[in-house]
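Read the structure below first, then the notes.
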Protein chains: 2
Amino acid sequence: MSNLTLEDIARQAGVSRSTVSRVLNDHPNVREEVRRRVLDVIRQTGYHPNAAARTLASQRSLMLGLVLPRSVSSIFSDPYFPRLTQGIAQACNHYNYTLALFLVSSAEDEAKIYPRISRRGLLDGILLQSGQIGDQLMDRLLASNIPLVVIGRPFNPDGVSYIDVDNVNAAYNAVSHLIRLGYQRIATIAGPDNSTVSIDRKEGYARALQERGRKIDPSLIVEGDFTEAGGYYAMQSLLPARPDAVFAASDAMAIGAMRAIHEAGLRIPEDIAVVGFDDLPFAATATPPLTTIRQPIAPLGFKAVEILLDLIENGAQPPRRVIMDTELVVRDSCGALKRRSPG
Amino acid sequence: MSNLTLEDIARQAGVSRSTVSRVLNDHPNVREEVRRRVLDVIRQTGYHPNAAARTLASQRSLMLGLVLPRSVSSIFSDPYFPRLTQGIAQACNHYNYTLALFLVSSAEDEAKIYPRISRRGLLDGILLQSGQIGDQLMDRLLASNIPLVVIGRPFNPDGVSYIDVDNVNAAYNAVSHLIRLGYQRIATIAGPDNSTVSIDRKEGYARALQERGRKIDPSLIVEGDFTEAGGYYAMQSLLPARPDAVFAASDAMAIGAMRAIHEAGLRIPEDIAVVGFDDLPFAATATPPLTTIRQPIAPLGFKAVEILLDLIENGAQPPRRVIMDTELVVRDSCGALKRRSPG
DNA sequence: GTGAAAGCGCTAACAG
DNA sequence: CTGTTAGCGCTTTCAC
């Protein structure tokens, strides 16, 4: 591998450093013949410019940071994180940025990470997966003035640019679908109350019921932790209330709920209909196949990068907000394919 | 956020740049009182050294790259990637390195990525997920002399440092377990033949049979693509050969196989026993719970980083090799908990 | 134990 | 269109 510098290339091509730099950065004002000569030398020598030197001189690192806090890195069992990362990585490739990944999996990490990511000369901007209430890191990052895009609605969104899925509407649509199918006692297995995702999905549930003049029955609302096991126990505690349908705030919980329903000797959807949220791969092959909400996770990651680049180029004011639509995927577990009823 | 430089800190602390630098880098030869004074100024001002300048001057970026090629990034449906990444990220945090992530999801990406990662001044070393036959990127990286650790046994391991799970032994143990349980017609759903993982697992299967004096029956060997659907179709094509047990080279394929078995009206494990590979979260809650091989994926990622750091510190020769052990997790699908038979 | 000075390799005015 | 000249902010000899 070469340890060549701009200087070497310049000498070999018989031009000055500046000219080589111009060629490298696609600046105009270089005679075509000279440009070609320089490119030839670069190709022959296998020269690559030094990233650190470039960053230092230009004050741009062409690097973005993705910060995933503990709450997320523990949800490794669901493909949300990989999908999101994939979308983000694709966008980085597309726009010629490098992606730095920060997984905050312990309190110790958290202390170490802030100084690292706030170091100047390392990152041009940061993507932060949030949605947790009382996110200290977000506040510090915001205060540090580094371009920041939060993924997931922050609890306090003042002045922060963020992107999120329309969770309220998604849940609203799922529950409305169940109402249209004629279910009378529609329960929900919500997520933990300390995340905006859970709050929003629960609100969509409530809104759908209220708009149809239904009362919210607290005995039909139970909290899970987004896991299969959580859904299983939540469903068990829900059974005495005799729901005829249940909207789970995640597919994992929906699958757990289905397990509990089957174990209780009940049928899906005849006795209890189930709707999930996420459209994980196994939703389609569950027994019965799960009706659920599909989120555009990778596109969301891609878009997050585009917002961040916009912030970097054009300043952080005003804050940008993007809310992405979801899609209801109807399969067997909601009973739509078996029964009909008045809308 | 501060735009302070070393110079500023030096002035405020009444010392020279060099001294501040020494404090920052924990060098000896600084009077305790001075050190404290400097640290105070740093704390009060919220100063963070500029990463690019540091890298340029010291020729170390304290950054590692993780490259995941297409073949892997498409396997996003299984938690291998997140777990591996988690282990790697933890090690990076632990050793105060930053992790750069490169997802190569298209041929276009591949072309763009090599110049980027081989740029000097960006990465101190690279982790490459491989195991694909004919990995061009690996050869180029190897030739570029940048410290490199390959994750997964490379097809041609000459001169390359790598870390892998002991796939041969793992498969050997799984199949030996089935043999001990008395099964006579043990089939396997192997992975695609272009990866060393598949080759190794298939070899473990064959070795276990041969050591017990059994013949390898080609009609009991079928190839899948590591996905649920692949396992489903593979199992269907296996049924006419009337196996009484099947070893699937991944849990996803095992689940697909179970679906095919159930659809054929057969029972697990009474009619056909099933053993998987991976111990994914859903293995434990499958019906019946899946006997499988658990791999230490996060620890493997962690260890990979340690090897890479060793390479960076002490040179790449001789190549380091680490093979990690796996564990057979016995559940219901193999029948061990129901039937007994002579070992 | 501390400071002065020389770079690390590049970009970006500014001349010409 | 091209070359000259300053830095970017830090580390690291080398003196003292």
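Each chain gets a letter, A, B and so on, in the order the sequences are listed, and its residues count up from 1.
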> Going by heavy atoms closer than 4.0 Å, what residues in residues 10-19 of chain B are next to DNA chain C?
Replying inline: B/V15, B/S16, B/R17, B/S18, B/T19

>> Please report the distance, rounded to the nearest Å, between CG in B/D26 and P in D/dT11.
In response: 12 Å

> For A/Q59, does the CD atom sit with more than 12 other heavy atoms under 6.0 Å from it, leaving out its own atoms?
Replying inline: yes

>> From C-beta outward on B/A57, which listed nucleotide comes closest to its side chain: D/dC10, D/dT12, D/dT2?
In response: D/dC10

> Looking at B/R320 and B/E313, does any basic side-chain N land under 4.0 Å from a carboxylate oxygen?
Replying inline: no

> CZ of B/R153 to OG of B/S195: how many Å apart, nearest 0.5 Å?
Replying inline: 9.5 Å

> Side-chain N or O of B/Y47 less than 4.0 angstrom from OP1 or OP2 on D/dG9?
Replying inline: no

> Rounded to whole angstrom units, what separation is found between the CD atom of B/E7 and the P atom of D/dT11?
Replying inline: 13 Å

>> Can you tell whether the side chains of B/R11 and B/D8 come within less than 4.0 Å, N to carboxylate O?
In response: yes

> For B/H27 and D/dC10, what is the distance between atoms NE2 and C1' respectively, to the nearest whole Å?
Replying inline: 12 Å

>> Please report the distance, rounded to the nearest Å, between CG in B/N29 and P in D/dT12.
In response: 14 Å

>> Applying the side-chain contact (heavy atoms from CB on, under 4.5 Å) criterion to B/Y97, which one of B/D124, B/I88, B/V305 satisfies it?
In response: B/D124

Under 3.5 Å between N/O atoms: give me all the protein pairs with nucleotides 14-16 of chain D, atom names plus distance.
none

>> Can you give me the closest heavy-atom contact between A/A10 and A/V20, atom names plus distance?
In response: CA-CG2, 3.6 Å

>> If you apply the rule side-chain contact (heavy atoms from CB on, under 4.5 Å), what do you find for A/T98 with A/L64, and how did you get there?
In response: CA-CA 6 Å; A/T98 295; A/L64 305 180; over 6 Å; no

> So, the side chain of A/K112 versus the backbone of B/N93: is there a donor-acceptor pair under 3.5 Å, distance only?
Replying inline: yes

> Between A/L300 and A/M324, what is the shortest heavy-atom contact and its length?
Replying inline: CA-SD, 3.5 Å

> How would you list, by chain and number, every residue that makes a side chain to side chain contact (heavy atoms under 4.5 Å, CB included) with B/H94, sequence neighbours excluded?
Replying inline: B/F302

>> For the helix from C/dG1-D/dC16 to C/dG16-D/dC1, what angle separates the axis at the start from the axis at the finish, each from five pairs, in steps of 10°?
In response: 30°

> Do B/R37 and B/D40 sit within salt-bridge range, that is, some charged N less than 4.0 Å from a carboxylate O?
Replying inline: no

> Reading DNA chain C 5' to 3', which nucleotide is the first, and which the last, to come under 4.0 Å of any heavy atom in chain B?
Replying inline: C/dG1 to C/dG9

> Between B/Y80 and B/Q295, is a side chain to side chain donor-acceptor pair (under 3.5 Å) present by the stated rule, with each step listed?
Replying inline: CA-CA 10 Å; B/Y80 174 87; B/Q295 312 182 69; over 6 Å; no

> To the nearest angstrom, how far is A/E33 atom CD from D/dT2 atom P?
Replying inline: 8 Å

>> From CZ of A/R119 over to P of D/dC10, roughly how many Å is that when rounded to an integer?
In response: 10 Å

>> Let me spell it out: for each of A/R54 and B/P28, pick the nucleotide of DNA chain C with the closest heavy atom. Which residue's pick is nearer the 5' end?
In response: B/P28

> Please give, in whole Å, the distance from D/dT11 C1' to A/L56 CG?
Replying inline: 12 Å

> When the distance from CD of B/Q59 to C1' of D/dT13 is rounded to whole Å, what number comes out?
Replying inline: 15 Å

>> I'd like to check the side chain to side chain contact (heavy atoms under 4.5 Å, CB included) partners of A/Q317; sequence neighbours left out, ordered by chain and number.
In response: A/P319

> Got a second to check how far B/I126's CD1 is from B/I146's CD1, nearest 0.5 Å?
Replying inline: 4.0 Å

>> For a quick check of understanding: with a heavy-atom distance under 4.0 Å over all strands, which category does A/N50 fall into, base, sugar-phosphate or nothing?
In response: sugar-phosphate

